[in-house]
Amino acid sequence: MVLEGNPEVGSPRTSDLQHRGNKGSCVLSSPGEDAQPGEDPIKYGELIVLGCCEEGGEETEAQRGEVTGPRAHSCYNGCLASGDKGRRRSRLALSRRPHANGVKPDVMHHISTPLVSKALSNRGQHSISYTLSRSHSVIVEYTHDSDTDMFQIGRSTENMIDFVVTDTSPGGGAAEGPSAQSTISRYACRILCDRRPPYTARIYAAGFDASSNIFLGERAAKWRTPDGLMDGLTTNGVLVMHPAGGFSEDSAPGVWREISVCGNVYTLRDSRSAQQRGKLVENESNVLQDGSLIDLCGATLLWRTPAGLLRAPTLKQLEAQRQEANAAAPVPRGPQHSGLPQPSPWPHSTRQTAAMGLRPLRARPRLPRLGLPSGAPRSAECPLCRLVGPYVPLWLGQEAGLCLDPGPPSHAFAPCGHVCSEKTARYWAQTPLPHGTHAFHAACPFCGAWLTGEHGCVRLIFQGPLD
């Protein structure tokens with residue numbers, strides 16, 4: 001196997017760079033109240049988008065009409081991309097804010113529905129409105145919480161949203177065109193992090209809008225709890241899955257649950273937008289764990305804790321594994337022999353090569369450096385098992401936060417060809433990710449392609465010296 005070097009190894013990752021931002025933006029590493037000059041801020045954790053492969057870049061300040069600090073970038077397989085498709089980023093580090101902005105429930109009011117808009121006219125007052133009927137609404141006012149920091153996630157690009165996410169379609173594509181309608185809420189969810197150790201992070205469905213309000217209309221699923229309080233679900237719901245055994249070599253997929261507006265845990269509804277809620281799961285909580293998955297009905301996020309990221313492989317380790325494979329298993333260069341390419345700074349680069357007959361993932365006017373001659377077939381007979389199949393490019397998985405362990409790159413997802421360790425490949429191949437209203441599919445975490453075959457991944461056989 002011949003793997004080319006990566007000149008960018010050792011350069012800082014997006015989440016490691018320091019940016020400046022205003023009060024409304026979540027900076028990637030903003031100093032906390034107790035941080036001393038030159039010290040790193042306290043980081044609560046990181047959110048990583050699964051299967052984020054849309055080419056894109058950042059909007060200009062003139063296009064957005066504002067400056068919100070750090071820009072969000074599209075990415076492919078852990079790499080930033082260039083382009084003009086918005087300010088979505090592939091990952092976000094949540095750090096302690098200079099000043100707490102968390103909120104907590106305070107007072108509940110019963111009010112006539114026509115007077116709701118007047119009651120919610122104070123933009124400085126966070127509140128949740130539950131419309132029970134045309135003549136009756138319940139408003140729960142929230143007050144400032146000096147012990148928590150709040151981060152909001154959604155499709156909206158308004159200032160109150162800290163992490164802008166857009167739909168990713170199966171196979172790694174992004175929803176585009178006028179006919180593409182997003183299923184992600186503009187204000188999908190919010191995460192509250194304790195400002196004191198152990199810095200617990202909790203997730204809640206729905207986020208506050210520009211008026212600091214959350215509206216649950218008459219058709220939204222909502223109910224009164226046994227203790228007389230209110231709770232509800234968003235239209236398409238916020239689903240969470242905590243891995244069994246933590247996010248490590250011994251991990252196993254957990255059970256998908258739905259999180260309510262008040263952070264309670266319920267079993268899944270019959271369909272994603274059904275009005276009838278599931279059953280309350282009393283022995284589970286909305287506390288995020290290392291490896292927790294958050295599905296927003298169109299995009300799935302992975303939560304990694306700082307301790308968990310310390311166990312993840314680094315880019316230097318991945319590069320060392322690639323070089324070690326080159327030295328241990330050299331193969332001749334030719335139309336039927338190739339190795340993993342160096343990670344490219346551009347998605348779908350023509351420098352990417354494929355195993356056993358190379359081709360770029362997207363058609364390009366010029367051939368890759370290590371590729372097939374022009375007019376080469378797209379399928380051929382495997383020299384080992386003699387089955388006829390397509391040539392599949394091999395891509396080394398570069399988003400280290402998606403890896404369970406720093407094991408050698410020995411397995412590839414089918415059919416996309418992203419390569420990672422055996423334990424990482426088997427875990428994601430066994431993890432069903434939500435799709436549509438009630439479907440689940442295992443998918444490659446690097447590109448989002450649905451996995452096929454009996455196991456969803458295959459073991460790579462490298463040519464080496466005969467013993």
Side-chain angles (χ1 to χ4, degrees), residues 13 15 42-51 78 90-95 151 153 189 191-194 196-204 238-259 263-268 281-296 300-315 317-318 321 397-411 413 418 420-434 440 442-446 451 455-457:
R13 296 297 305 271
S15 57
I42 295 175
K43 183 167 70 173
Y44 301 128
E46 291 192 12
L47 290 169
I48 304 174
V49 181
L50 300 188
S90 66
R91 60 191 295 158
L92 176 73
L94 274 58
S95 299
F151 304 89
I153 305 167
C189 67
I191 295 177
L192 268 67
C193 302
D194 291 342
R196 296 182 176 86
Y199 307 113
T200 303
R202 297 176 175 85
I203 185 170
Y204 301 80
V238 175
L239 308 187
V240 172
M241 189 270 281
H242 305 300
F247 199 69
S248 62
E249 298 180 3
D250 301 324
S251 294
V255 180
W256 283 99
R257 304 296 192 191
E258 183 164 9
I259 303 298
N264 295 312
V265 182
Y266 294 86
T267 59
L268 301 185
V281 184
E282 297 182 356
N283 61 341
E284 297 183 17
S285 71
N286 61 337
V287 175
L288 295 177
Q289 308 170 10
D290 186 40
S292 293
L293 290 175
I294 305 169
D295 187 80
L296 306 178
T300 305
L301 313 179
L302 173 68
W303 172 259
R304 297 304 312 269
T305 62
L309 289 173
L310 291 177
R311 299 190 297 267
T314 64
L315 289 179
Q317 288 176 321
L318 294 176
Q321 291 175 351
Q398 287 296 296
E399 182 48 79
L402 302 177
C403 300
L404 272 72
D405 66 331
S410 59
H411 284 65
F413 290 108
H418 280 101
C420 57
S421 68
E422 177 181 3
K423 293 184 180 297
T424 298
R426 295 195 183 280
Y427 173 79
W428 288 109
Q430 298 172 4
T431 302
L433 300 179
F440 290 83
C444 171
F446 299 104
L451 302 183
H455 303 290
C457 60

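Numbers here simply count residues along the sequence, with the first being 1.
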> Hey, mind stepping through Glu282 and Val265 against side-chain contact (heavy atoms from CB on, under 4.5 Å) and telling me if it holds?
Replying inline: CA-CA 7 Å; Glu282 297 182 356; Val265 182; over 6 Å; no
> Does the side-chain contact (heavy atoms from CB on, under 4.5 Å) test come out yes or no for Leu301 and Ile153, once each step is laid out?
Replying inline: CA-CA 10 Å; Leu301 313 179; Ile153 305 167; 4.1 Å; yes
> Yes or no on salt bridge (Lys or Arg N to Asp or Glu O under 4.0 Å) for Arg311 and Asp405, after CA distance, side-chain angles and deciding distance?
Replying inline: CA-CA 7 Å; Arg311 299 190 297 267; Asp405 66 331; over 6 Å; no
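Taken from OG in Ser95 to CD in Glu46, the straight-line distance is 8.5 Å, to the nearest 0.5 Å. Rounding to the nearest 0.5 Å gives a distance of 6.5 Å between CG of Leu293 and CG of Leu433. Note that CZ of Arg426 and SG of Cys457 are 5.0 Å apart. Values are rounded to the nearest 0.5 Å. In this structure, OG1 in Thr424 is found 4.5 Å from CG in Leu404, a value given to the nearest 0.5 Å. Interatomic distance, Ile191 CD1 to Trp303 CH2, rounded to the nearest 0.5 Å: 5.5 Å. How far CG of Asn264 is from CD of Glu258: 11.5 Å, rounded to the nearest 0.5 Å.
Contact annotation: the side chain of Gln398 approaches that of Leu315 to within less than 4.5 Å [non-hydrogen atoms, C-beta and beyond]. With a 4.5 Å cut-off on side-chain heavy atoms, Arg304 and Ile48 count as touching. Put simply, the side chain of Val238 reaches to within 4.5 Å of the side chain of Leu296, judged on heavy atoms. Side-chain contact between Asn286 and Val240 is absent, with no heavy atoms from C-beta onward closer than 4.5 Å. Side-chain contact check for Leu94 versus Lys43: every heavy-atom pair is 4.5 Å or farther apart. A 4.5 Å side-chain heavy-atom check between Glu399 and Arg91 finds at least one atom pair inside the cut-off. Looking at Leu451 and Trp428, their side chains never come closer than 4.5 Å, going by heavy atoms from C-beta outward. You'll find the side chain of Leu47 reaches within 4.5 Å of the side chain of Ile294, heavy atoms only.
Proximity of a side-chain donor or acceptor of Trp256 to a complementary backbone N or O of Pro432 within less than 3.5 Å is detected. Side chain of Glu284 to backbone of Val281: no donor-acceptor contact under 3.5 angstrom is found. A side-chain donor-acceptor contact under 3.5 Å links Asp290 to the backbone of Thr305. Ser421 places no side-chain N or O within donor-acceptor distance of the main-chain N or O of Pro409, the cut-off being under 3.5 Å. At least one donor-acceptor pair closer than 3.5 Å links the side chain of Gln321 to the backbone N or O of Pro406.
For Tyr204, the ring pair (Phe, Tyr, Trp, His ring centres under 6.0 Å) criterion is met by no residue, not counting sequence neighbours. With sequence neighbours excluded, the residues satisfying side chain to side chain contact (heavy atoms under 4.5 Å, CB included) with Ser285 are Val287.
Residues Leu402 and Pro445 share a closest heavy-atom pair of CD1-O, 3.3 Å. Shown here for Pro313 and Ala400, the closest heavy-atom pair between the two residues is O-CB, 2.8 Å. In terms of heavy-atom proximity, His242 sits nearest to Leu288 at CE1-CA, 4.3 Å. Nearest heavy-atom pair, Arg202 versus Asp194, reported as atom, atom and distance to 0.1 Å: NH1-OD2, 3.3 Å. Scanning all heavy atoms of the two residues, the minimum distance from Ala429 to Phe413 falls at N-CE2, 4.4 Å. Scanning both residues, Ala201 and Cys193, for their nearest heavy atoms gives CB-SG, 3.8 Å.
Ring-plane geometry between Tyr199 and Tyr44 is classed as tilted, the angle between the planes lying from 30 to 60 degrees on a 0 to 90 degree scale. In this pair, Tyr427 and Phe247 present their aromatic rings perpendicular. The plane angle is above 60°, beyond the 30 to 60° band.
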